[in-house]
**Student:** 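Sharing a structure here in structure tokens format.
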Amino acid sequence: MSEIKHGFAPVYDENSKVLILGSFPSVKSRQTEFYYGHPQNRFWRVLASYFGAPAPKTVEDKRKFVLLNRVALWDIVTECEIVGSQDATIKNFKVADIKSLLQNSAISYIILNGGKAFSVFEKHFADIGIPYERLPSTSPANTRCSEKEWHDALRRAFDKA
């Protein structure tokens, strides 16, 4: 039986320069009620190493960390039917109001965390008017995640910011 799942509100403020968009929160993230909540997800370690800081542990520390570093977080899918954490099963979804977020922040670059985030974004926002790029998912299910590739992309993003 299908059940509609809801994602999280975006984390950003007027100083946010780089938006990182995932697809939809995993089961573990939904349990922790915050982005990238699975302990094996590389997201927080990769971001912290880029900024030369220890990885934040608590939800509040993670929220403060991204805002301090001018990063915004959101998922391209805000509501959907999904089986577990499998992006391939996402259906009957609603797309995030990216344009509204852009109007209320200083976002000048978008990083898409994984293939599903990229494909949904391209279908709905390819003409967004600011640079964006796809990176390998930081999910523990993705063995191709490269910290160097993420660092290079963050460098490009903040150089343009």
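Side chains included, hydrogens not; waters and symmetry mates left out as well; all remaining heavy atoms used. The chain is numbered in sequence order, starting from 1.
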**Student:** Aromatic ring centroids of Tyr109 and Tyr132 under 6.0 Å?
**Tutor:** no
**Student:** Give a yes or no answer on whether the side chain of Asp75 reaches the backbone of Thr78 with a donor-acceptor pair at less than 3.5 Å.
**Tutor:** no
**Student:** Nearest 0.5 Å, what's the CG-CD distance between Leu67 and Glu14?
**Tutor:** 9.5 Å
**Student:** Report the C-alpha distance between Ile107 and Ser16 in whole Å, list the side-chain angles of each, state the deciding distance to 0.1 Å, and finish with yes or no for side chain to side chain contact (heavy atoms under 4.5 Å, CB included).
**Tutor:** CA-CA 6 Å; Ile107 300 294; Ser16 298; 3.8 Å; yes
**Student:** Quick one: does Trp44's side chain have a donor or acceptor within less than 3.5 Å of a partner on Pro56's backbone?
**Tutor:** no
**Student:** Determine whether Ile76 and Phe93 satisfy the following criterion, side chain to side chain contact (heavy atoms under 4.5 Å, CB included), listing intermediate values before the conclusion.
**Tutor:** CA-CA 10 Å; Ile76 191 69; Phe93 61 89; over 6 Å; no
**Student:** Could you report the tightest heavy-atom contact between Leu154 and Ile111, atom names first, then the distance?
**Tutor:** CD2-CD1, 3.8 Å
**Student:** Contact between Pro136 and Glu149 at the side-chain level, heavy atoms closer than 4.5 Å - yes or no?
**Tutor:** yes
**Student:** Determine the minimum heavy-atom distance between Ser49 and His151, stating which atoms define it.
**Tutor:** OG-NE2, 2.8 Å
**Student:** According to the interplanar angle, ranging from 0 to 90°, do the rings of Tyr50 and Phe158 count as parallel (below 30°), tilted (30 to 60°) or perpendicular (above 60°)?
**Tutor:** parallel
**Student:** Distance check, rounded to the nearest 0.5 Å: His124 atom NE2 versus Ser119 atom OG?
**Tutor:** 9.0 Å
**Student:** Is any side-chain heavy atom of Val77 closer than 4.5 Å to a side-chain heavy atom of Ser23?
**Tutor:** no
**Student:** Would you confirm whether Asn69, through its side chain, and Phe65, through its main-chain N or O, come within 3.5 Å as a donor-acceptor pair?
**Tutor:** yes
**Student:** Under the criterion ring pair (Phe, Tyr, Trp, His ring centres under 6.0 Å), I'd like the reasoning laid out for Tyr35 against Phe43: C-alpha separation, chi angles, the key distance, then a yes or no.
**Tutor:** CA-CA 9 Å; Tyr35 297 93; Phe43 181 82; 8.5 Å; no
**Student:** Answer yes or no: does atom CD of Glu33 have more than 12 heavy-atom neighbours from other residues, nucleotides or ligands under 6.0 Å?
**Tutor:** no
**Student:** As a quick check of understanding, evaluate side chain to side chain contact (heavy atoms under 4.5 Å, CB included) for Arg63 and Phe34, giving each step before the final call.
**Tutor:** CA-CA 9 Å; Arg63 186 181 311 280; Phe34 200 67; 3.6 Å; yes
**Student:** Sort out for me which residue in Ile20, Ile110, Val11, Ile98 forms a side-chain contact (heavy atoms from CB on, under 4.5 Å) with Trp74.
**Tutor:** Ile98
**Student:** Report yes if the distance between the aromatic ring centroids of Phe8 and Phe24 is under 6.0 Å, otherwise no.
**Tutor:** no
**Student:** With a 4.5 Å cut-off on side-chain heavy atoms, are Trp150 and Arg42 touching?
**Tutor:** no
**Student:** State whether a side-chain donor-acceptor pair under 3.5 Å links Ser26 with Ser29.
**Tutor:** yes
**Student:** Would Leu47 and Val66 count as a side chain to side chain contact (heavy atoms under 4.5 Å, CB included) here? Give the steps.
**Tutor:** CA-CA 9 Å; Leu47 207 61; Val66 293; 4.0 Å; yes
**Student:** Could you state the interatomic distance from CZ (Arg70) to CG (Leu19), rounded to the nearest 0.5 Å?
**Tutor:** 14.0 Å
**Student:** Evaluate the salt bridge (Lys or Arg N to Asp or Glu O under 4.0 Å) criterion for residues Arg156 and Asp152: first the C-alpha distance (whole Å), next the side-chain angles of each, then the deciding distance (0.1 Å), finally the verdict.
**Tutor:** CA-CA 6 Å; Arg156 283 190 297 277; Asp152 291 347; 5.2 Å; no
**Student:** Between Leu102 and Tyr12, is there a side-chain heavy-atom distance shorter than 4.5 Å?
**Tutor:** no
**Student:** CD1/Ile128 to NZ/Lys99 distance, rounded to the nearest 0.5 angstrom?
**Tutor:** 5.5 Å
**Student:** If I take atom CG from residue Leu112 and atom CG from residue Leu135, how far apart are they, to the nearest 0.5 angstrom?
**Tutor:** 8.0 Å
**Student:** Contact between Val95 and Phe125 at the side-chain level, heavy atoms closer than 4.5 Å - yes or no?
**Tutor:** yes
**Student:** How close do Gly7 and Pro25 get, heavy atom to heavy atom, and via which atoms?
**Tutor:** CA-CG, 3.9 Å
**Student:** Roughly how far, to the nearest 0.5 Å, is the SG atom of Cys80 from the CG atom of Asn92?
**Tutor:** 9.0 Å
**Student:** Side chains of Asn113 and Thr138: any donor to acceptor distance under 3.5 Å?
**Tutor:** yes
**Student:** Closest approach of Lys28 and Gly37, non-hydrogen atoms and distance?
**Tutor:** CG-O, 3.6 Å
**Student:** Give the cluster check for Tyr36 versus Phe51: same hydrophobic cluster or not, with ILVMFWY residues linked at side-chain heavy-atom distances below 4.5 Å.
**Tutor:** yes
**Student:** Can you see which heavy atom on Arg30 is nearest to which on Gly84, and at what distance?
**Tutor:** NH2-O, 3.2 Å
**Student:** Can you see which heavy atom on Pro10 is nearest to which on Leu101, and at what distance?
**Tutor:** CB-CD1, 3.6 Å
